[in-house]
Amino acid sequence: MPELAPAYEPSKVEDRLYLEWTNRQDYRANPQSTKPGYSIVIPPPNVTGILTLGHVLNNTIQDILARRARLLGREVLWLPGTDHAGIATQTVVERTLKKEGKIRHRDDLGREEFLRQVWQWKDKHGGIIIQQLKKLGASCDWSRERFTMDPAYSACVQQVFVDLFKKKLIYRGRRMVNWCPVSRTALSDEEVIMKEQKGLLYHFRVPVAGQKDRFLTIATTRPETIPGDTAIAVNPKDPRYASLIGQFAIRPLPPELPEDQRRIPIIGDEHVDLEFGTGVLKVTPAHDPADFLIGQRHQLPSLEVIDESGLMNTHAGSALVGLDRTQARTAAAEQLKELGWLDKEEPYTNQVGYSERADVPVEPRLSEQWFLRYPSTERSRTIVSTGKLRFFPERWSKVYDHWMENLQDWCISRQLWWGHRIPVWYRGDEMRCQIESPGTDWRQDSDVLDTWFSSWLWPFATMGWPEKTPELKKFYPTTDLVTGPDIIFFWVARMIMAGFEYMGELPFRNVYFTGLIRDAKGRKLSKSLGNSPDPLDLIAKYGADGLRFGLLRIAPQGADIRYDEKQIEEGRNFANKLWNACRFRQPQGPSDPKANPANHARTPFCDFLLEKLDALEKELERLYTHYEFSQIAQALYGFVWDEFCARFIETAKADFLNPSSPTRAGTLATADFVLSRVLRLLHPYMPFITEELWLTLGLGTETIQFSGWPRSEEVRWDSAQAKQAAFCYATADAGRKLRGEFGLSGSQKLKFLLFPTPGSKPSPESLQTLAKLLQCGSVELTQTPPKAPMTPAPWGELYLPLEGLLDPAKERARLEKEITACEAARARETAKLSDPKMAAKAPPEKLEEWRRIEREATERMARLQEQLKLFTT
RNA sequence: GCGCGCUUAGCUCAGUGGUAGAGCGGCUGCCUUACACGCAGUUGGUCGGAGGUUCAAAUCCUUCAGCGCGCACCA
């Protein structure tokens, strides 16, 4: 048996073990297994992405669930893979090629050649995040790794499109969509994020046609769209303007156009808010969703003045043409000023939709797109609202329900090249929706599908759908899904609908939403802020187990996480603590995998530890059903550090150093029994160190991974003994406190005296253990209370004879302070008990408890007062 | 504007009706024969404010404030 190093060195363990596990194919899921199935599909990361702390959190949780399921004897499938991430990947490749000077625009290469370059990029960079997940210890079934652009997967996507088209749920239409002028594609509503923008509200006048000196004043944030205005709208109920409805106004821009070409109608529309601005609205049907609707209601012409790249076109007039939207805004305002139409500019803050990817304002734009009317919406909504599909934390189900209630058709076409091509073919005016080309003279739709239109099939398309595969039979529906609440609409909701539509069943039974990781200042982690640490650096520094445990311990359910590297350091420290606890056991000889403390004479401390282990196992059981991952980590941390190390090991030293001790075998058995269980309980969180210790100590000959989840029924102990141990610990705690108050260090070999509680007679062994816990020279019994500092303790009154060191004044002060505290505690209970209302209404067991506390405080006080008398004379 | 969440020790957070907790930090003392990635002790909170329910409120209700998030066609 190799000797354990003084400190745990993760780098010597992790890669070696991971290789062993994967070479042995420990994570390969067998659909033919008779064991009950457990499955998770990974939220596929962007194929060209790199690991972030968010991924670490998310995948560690999945790994915890998967590893625990294996210990529970399940057949586990954790299915990994990556996403082609249309816009993101295409943008990155295009940018790189531009930077290398190979192209100015992707048009330079043409569609086919550009796609070849993207595939090349994918082959080169696509595996990085997968390798990083392996470093983390992720126990995925790598033999089943999928990519959303795999041929089989693509076939699923096309088939679903054709099917939904046939069901008339997919349709093509010319509508107002969110247009990203940088990526030059349409976006779905979900890809637009509203941001507050500080700008100006411009007030300008327009003359009413044929009425000299009659003007309307309009407030707008977008003067650059004035050339695209095709009407002026007022509310028909507005007494100020109602009479003008039906007349015309002269649009001020572009000024070079003859006046009759700038004549636009004044219309009445309820949409106009009387209170806002001047109550007069310019209507630009081509560049504003609300105006578009007004335009439809009034059959207004649509006049486009901004092109697909966000540049002003010729309709905007000579002063603006070619300018970017934002430049055009100031230019248009300038123009209005010169023409004398501008009344004022005032600072104004409004909400503007931004493209999530390109981080520029989206331009509402009229275009021909494909839309999906969501399928299976009713079932998908009720499955969550009735709690059959559970969300953790539960409150996200409200957010989901609200979105499901207000479903808008999904714009699924993208004007990109990288993605699944839309299976629709054209010849002249004919159109066909089918996977194969109808013939050589047919031209395929040039658009691709939104990436989420492929990911929403992930839970079953990865398992061989549309075939009825053994995988689907065994592992669908999946058990748990772990993801971030930011993609609840993008992905979770849509997967539920696709699951019902194509499998007739929900895709997963539970969804756990992680929190967002923020830095110490509360900012989101991002590459541009430079506050996003590289998980691989953290693994190198603290080990994968340290990173996993440290991060999970501070990841409260449902709340954002304030990340601090200090926490990861603590994770490493904990790993080292565990390592050393085992190192303490190792020199005593090989561990016994079948150790059973029940078969041996034991010290009370063994029973105390077994009692705590039982409580821990029950607690973890409860916490796992609620997905309380950070509290599970806390509970394990506390057990290992406080119960096993601080208490048990200190008392086990007596047995370990004494080969002839009658309780030696029992203490060894307890150590092995408890370590065997605590390593297994910890394994989901810290897979590497627990495996290494398990095998090195010889707690098992096979890997820990399938060694069985500890059951609390296996733990047997004597609770009377455990109580004795608790008294001993409490006595030691009192002694330490007493010594600490005199500023005496542990290294000074002091002698304590114990004046035992009448009737009790502590054994020499227990006095020895007490001395060990107190780290003092000895504890001796005394028949007469000495004149020395004293503290009341469960076993009796503990004295610290200080010979010449004693300062009576100091001792008096100390006693008085403690008497005051006792008095306060007693008074609190007395007050409660003497309140007649309370005495009448509180439950008897509470009253009993309060009486006990009152009694104990009184007794303690009496002892302290006796002691005080000794020092007052 | 509507909805949701948060506010507890210097920091990060547990604690859903009955004596306010943990880790870190601070301070004091220790290289005590598993561990200085450690050990012992200690400091530190009128549980955001105000009302209410209750014998009893950090905990339940109402309301206010601050912060965060989601949804929303006020130009």
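The structure displayed is predicted, hence computed values, not measured ones. In the text below, chain A, chain B and the rest are named by the order of the sequence lines, each starting its count at 1.
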Spacing between [X] atom [atom1] and [N] atom [atom2], to the nearest angstrom:
X: K832(A); N: A57(B); atom1: NZ; atom2: C1'; result: 13 Å
X: Q351(A); N: G1(B); atom1: CD; atom2: P; result: 12 Å
X: R222(A); N: C73(B); atom1: CZ; atom2: C1'; result: 14 Å
X: E619(A); N: A22(B); atom1: CD; atom2: P; result: 16 Å
X: D560(A); N: C67(B); atom1: CG; atom2: P; result: 17 Å
X: N350(A); N: C73(B); atom1: CG; atom2: P; result: 14 Å
X: N573(A); N: C37(B); atom1: CG; atom2: P; result: 8 Å
X: R814(A); N: U42(B); atom1: CZ; atom2: P; result: 12 Å

Side chain of [X] only, please: which of [options] is the nearest?
X: W850(A); options: G18(B), C73(B), C71(B); value: G18(B)
X: W641(A); options: U33(B), C39(B), A40(B); value: C39(B)
X: F489(A); options: C24(B), A34(B), C71(B); value: C71(B)
X: H402(A); options: C71(B), C4(B), G23(B); value: C71(B)
X: K577(A); options: C35(B), A75(B), C55(B); value: C35(B)
X: P843(A); options: C55(B), G41(B), A75(B); value: C55(B)
X: R736(A); options: G41(B), C35(B), C55(B); value: G41(B)
X: V272(A); options: A75(B), G18(B), A40(B); value: A75(B)
X: H271(A); options: C55(B), A75(B), U12(B); value: A75(B)
X: A290(A); options: C73(B), A75(B), G68(B); value: C73(B)

Query - R518(A) to Y563(A) six-membered ring, cation-pi geometry met (6.0 Å, 45°) - result: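 Because its charged atom misses either the 6.0 Å distance or the 45° angle limit, R518(A) does not stack over Y563(A).
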
Query raised in the report: Does R647(A) count as lying over the ring of Y729(A), i.e. NZ or CZ under 6.0 Å from the six-ring centre, within 45 degrees of the axis?
Result: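 Yes, R647(A) sits over the ring of Y729(A).
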
Watson-Crick/G-U partner (both atom distances under 3.5 Å) of [N]:
N: G26(B); value: U42(B)
N: A57(B); value: none
N: G5(B); value: C67(B)
N: C73(B); value: none
N: U32(B); value: none
N: A50(B); value: U62(B)
N: G17(B); value: none

Is there a side-chain polar atom (N or O) of [X] under 4.0 Å from OP1 or OP2 of [N]?
X: R583(A); N: A34(B); answer: no
X: K841(A); N: C55(B); answer: yes
X: Y348(A); N: A75(B); answer: yes
X: Q631(A); N: G15(B); answer: yes

Which value, in whole Å, describes the distance between the [atom1] atoms of nucleotides [N] and [M]?
N: U43(B); M: G5(B); atom1: C1'; value: 33 Å
N: G15(B); M: C27(B); atom1: P; value: 31 Å
N: U54(B); M: U59(B); atom1: P; value: 16 Å

Query raised in the report: Under a 4.0 Å heavy-atom cut-off, which of residues 645-655 of chain A touch RNA chain B?
Result: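 Those residues are C645(A), I649(A), E650(A), K653(A).
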
**Report entry** Pairwise side-chain contact, F639(A) with V678(A), heavy-atom cut-off 4.5 Å (strictly under)
**Finding:**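 Yes. Closest side-chain heavy atoms under 4.5 Å.
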
Query raised in the report: Do the non-hydrogen side-chain atoms of P364(A) and N178(A) ever get within less than 4.5 Å of each other?
Result: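 The answer is no; the side chains never approach within 4.5 Å.
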
Query - Pair E650(A) + K653(A), salt bridge at N-O below 4.0 Å - result: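 Between K653(A) and E650(A) there is a salt bridge, with a charged N closer than 4.0 Å to a carboxylate O.
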
Please work out if [X] contacts a base, only the sugar-phosphate, or nothing of the nucleic acid, heavy-atom cut-off 4.0 Å.
X: G279(A); value: base
X: A581(A); value: base
X: I554(A); value: nothing
X: R562(A); value: sugar-phosphate
X: A840(A); value: nothing

Report task. On RNA chain B, check which nucleotide each of A839(A) and A575(A) is closest to and give me the residue with the more 5' one. Result ->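 By nearest-heavy-atom nucleotide position, the 5'-most residue is A575(A).
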
Query raised in the report: On RNA chain B, nearest-nucleotide positions of R585(A) versus E570(A): which is more 5'?
Result: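 Closer to the 5' end of RNA chain B: E570(A).
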
Query raised in the report: Backbone N or O of Y8(A) within a donor-acceptor pair of the N576(A) side chain at under 3.5 Å?
Result: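 A pair under 3.5 Å: yes.
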
Query raised in the report: For residues T284(A) and K282(A), is any side-chain donor paired with an opposing acceptor at under 3.5 Å?
Result: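 Their side chains do contain a donor-acceptor pair, which is all the 3.5 Å distance test asks for.
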
Query raised in the report: Do E565(A) and Y542(A) have side-chain atoms, one donor and one acceptor, less than 3.5 Å apart?
Result: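 On atom types as modelled, these side chains qualify, holding a pair under 3.5 Å.
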
Query raised in the report: How are the rings of F513(A) and F391(A) set to each other: parallel, tilted or perpendicular (split at 30° and 60°)?
Result: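 F513(A) and F391(A): perpendicular rings.
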
Report task. Check the angle between the aromatic planes of F629(A) and Y624(A) and answer parallel, tilted or perpendicular using the 30° and 60° thresholds. Result ->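 Correct class here is perpendicular.
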
Query - Over all atoms of both residues, closest heavy-atom pair of D401(A) and S385(A) - result: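 Residues D401(A) and S385(A), closest heavy atoms: OD1-CB, 4.1 Å.
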
